[in-house]
Protein chains: 2
Amino acid sequence: MRIGIIYNVSGHHENWSGRALESLQAEGLRNGGSRRAVIEHLGAQPCCHSAQEIFDDIRGQGKRIGIASVYRALEQLVELDLVQRVELGDGIARFEPAHAGGEHHHHLVCDDCGRIEPFSDPGLEKTLTAVAERLHCGMRSHEVILHGSCAACLTAAL
Amino acid sequence: MRIGIIYNVSGHHENWSGRALESLQAEGLRNGGSRRAVIEHLGAQPCCHSAQEIFDDIRGQGKRIGIASVYRALEQLVELDLVQRVELGDGIARFEPAHAGGEHHHHLVCDDCGRIEPFSDPGLEKTLTAVAERLHCGMRSHEVILHGSCAACLTAAL
DNA sequence: ATACGTGCAAAGTATTTGCAAACGG
DNA sequence: CCGTTTGCAAATACTTTGCACGTAT
């Protein structure tokens, strides 16, 4: 099944791109066109996208870029904790800006229509922190995936 | 990084294999040697394994099996909700018996040593149910992945 | 000037598919 | 028997790597 995207969460960080570019500069990395294009693309997205989607979109803007550069940029950004890599169960890795504060979101995958719906829940975050505490593990990130039917498919099934 | 396994959760369902074989029979499916071998292997494992690991283990017992049969069996079992497919962030799909009752577990991935530690938490399950309720989604399964350091690596780092 | 960044093409893995032979009921 | 299941090999899909050339600093 093809997995698509539903944009329901509007609050993506306004200036994640700027922060990311600064972080790279602080690392002594240069500012070539491809990595910058990937960062700008990610910063404009409210939810996760695959390397292929990012590549296609950037090419669609008429820019010349290779898919290898997309993967290389993503790898570096993940390494610096600026990007979170997400695997939702269809064998394709997706990537989205990692937000430092409480703007974290998770994903609901609709097994009927394949769409991805982001959601967030403060109680869930608190519970996860408590669980990590109990396990005595140094939790650096976490990821929750709900599988089922999205609200739209549930309604349509009536 | 290579991801390995830590076996810390002992309570895997005693007779999952039997139930799975019955379900297949009820579906009118036949009982060939390869699918049965995959089911018996899964039933004996406390945590998730990749298709390649399952294949290697079955071959190691001297049985003749093709990796395509492993993938085909897993696909059917996932379809019937007898097996849960899990992706932990390294691009390899893993599979484990899906337990109907409350014996569900989740995964802590140690980013230092690569091991996978299963854990369970009743409070977490309740929170997830509540979240699904609030989202009005028909939740059929869910998956939580914690990334960080396992207790052993935290201790070693002192 | 020099080391890092990039595009392309080739290689590497994980997974799926085609097919003829083997097998279960 | 007849349709399912299987092993093998080939094909596919996603991702990584090698390398020569371009570019930022």
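Residue numbering restarts at 1 for every chain, and letters A, B, ... go by the order of the sequence lines.
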Table please: side-chain donor-acceptor pairs of residues 150-158 of chain A below 3.5 Å, with sequence neighbours left out.
residue	atom	partner	partner atom	Å
A:Thr155	OG1	A:Ala151	O	2.9

Scan the side chains in residues 60-80 of chain A for donor-acceptor partners under 3.5 Å anywhere in the protein, sequence neighbours excluded, and list what turns up.
residue	atom	partner	partner atom	Å
A:Gln76	OE1	A:Arg35	NH1	2.6

Please tabulate, for side-chain N and O atoms in residues 26-33 of chain B, each donor-acceptor pair with protein atoms closer than 3.5 Å (sequence neighbours left out).
residue	atom	partner	partner atom	Å
B:Asn31	OD1	B:Arg36	NH1	3.2

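No side-chain heavy atom of A:Val109 sits less than 4.5 Å from a side-chain heavy atom of A:Asp90. Proximity of A:Leu135 to B:Leu146: side-chain heavy atoms (C-beta onward) are separated by under 4.5 Å at one or more points. Using a 4.5 Å heavy-atom threshold, the side chains of A:Cys48 and A:Gln84 count as separate.
Rounded to an integer number of Å, the gap from B:Glu87 CD to C:dA14 P is 13 Å. Atom CD in B:Glu75 sits roughly 19 Å away from atom P in C:dA14 (whole-Å rounding). The CD1-P distance, from B:Ile58 to D:dT6, rounds to 11 Å in whole Å. Residue B:Leu24 contributes atom CG, which lies 16 Å from atom C1' of C:dG25 at whole-angstrom precision. Following rounding to the nearest Å, B:Glu27 (CD) and C:dG24 (P) show an atom-to-atom distance of 21 Å. Separating the CZ atom of A:Phe55 from the P atom of D:dT16 is a distance of 15 Å, rounded to the nearest angstrom. One atom, CD of B:Glu53, and another, P of C:dT15, lie 11 Å apart when rounded to the nearest Å. In this entry the distance linking NZ of A:Lys63 with C1' of C:dG7 reads 16 Å, nearest Å.
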At a cut-off of 3.5 Å, list every protein nitrogen or oxygen paired with a nitrogen or oxygen from nucleotides 13-15 of chain D, distance to 0.1 Å.
residue	atom	partner	partner atom	Å
D:dT15	OP1	A:Ala93	N	3.1
D:dT15	OP2	A:Tyr71	OH	2.3
D:dT15	O5'	A:Tyr71	OH	3.1

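Within the structure, every side-chain polar atom (N or O) of A:Ser34 is placed at least 4.0 Å from both OP1 and OP2 of C:dG5.
The residue B:Arg36 sits apart from the nucleic acid: no heavy atom pair falls under 4.0 Å.
In the model, A:Glu96 has a side-chain atom that pairs as donor or acceptor with a side-chain atom of A:His107 under 3.5 Å.
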5' to 3', nucleotides 19-25 of chain D under a 4.0 Å protein heavy-atom cut-off (B base, S sugar-phosphate only, - none) gives -----BS
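Listed by chain and number, the residues in a ring-ring contact (aromatic ring centres under 6.0 Å, His included) with A:His142 are A:His104, A:His106 (sequence neighbours excluded).
Among the nucleotides C:dC8, C:dG5, D:dT6, the one closest to the side chain of B:Ser69 is D:dT6. Distance from the side chain of B:Arg35 is smallest to D:dT5 among D:dG7, D:dT5, C:dC8.
Put simply, CG on A:Leu88 and CD1 on A:Ile116 are 5.0 Å apart, with the number rounded to the nearest 0.5 Å.
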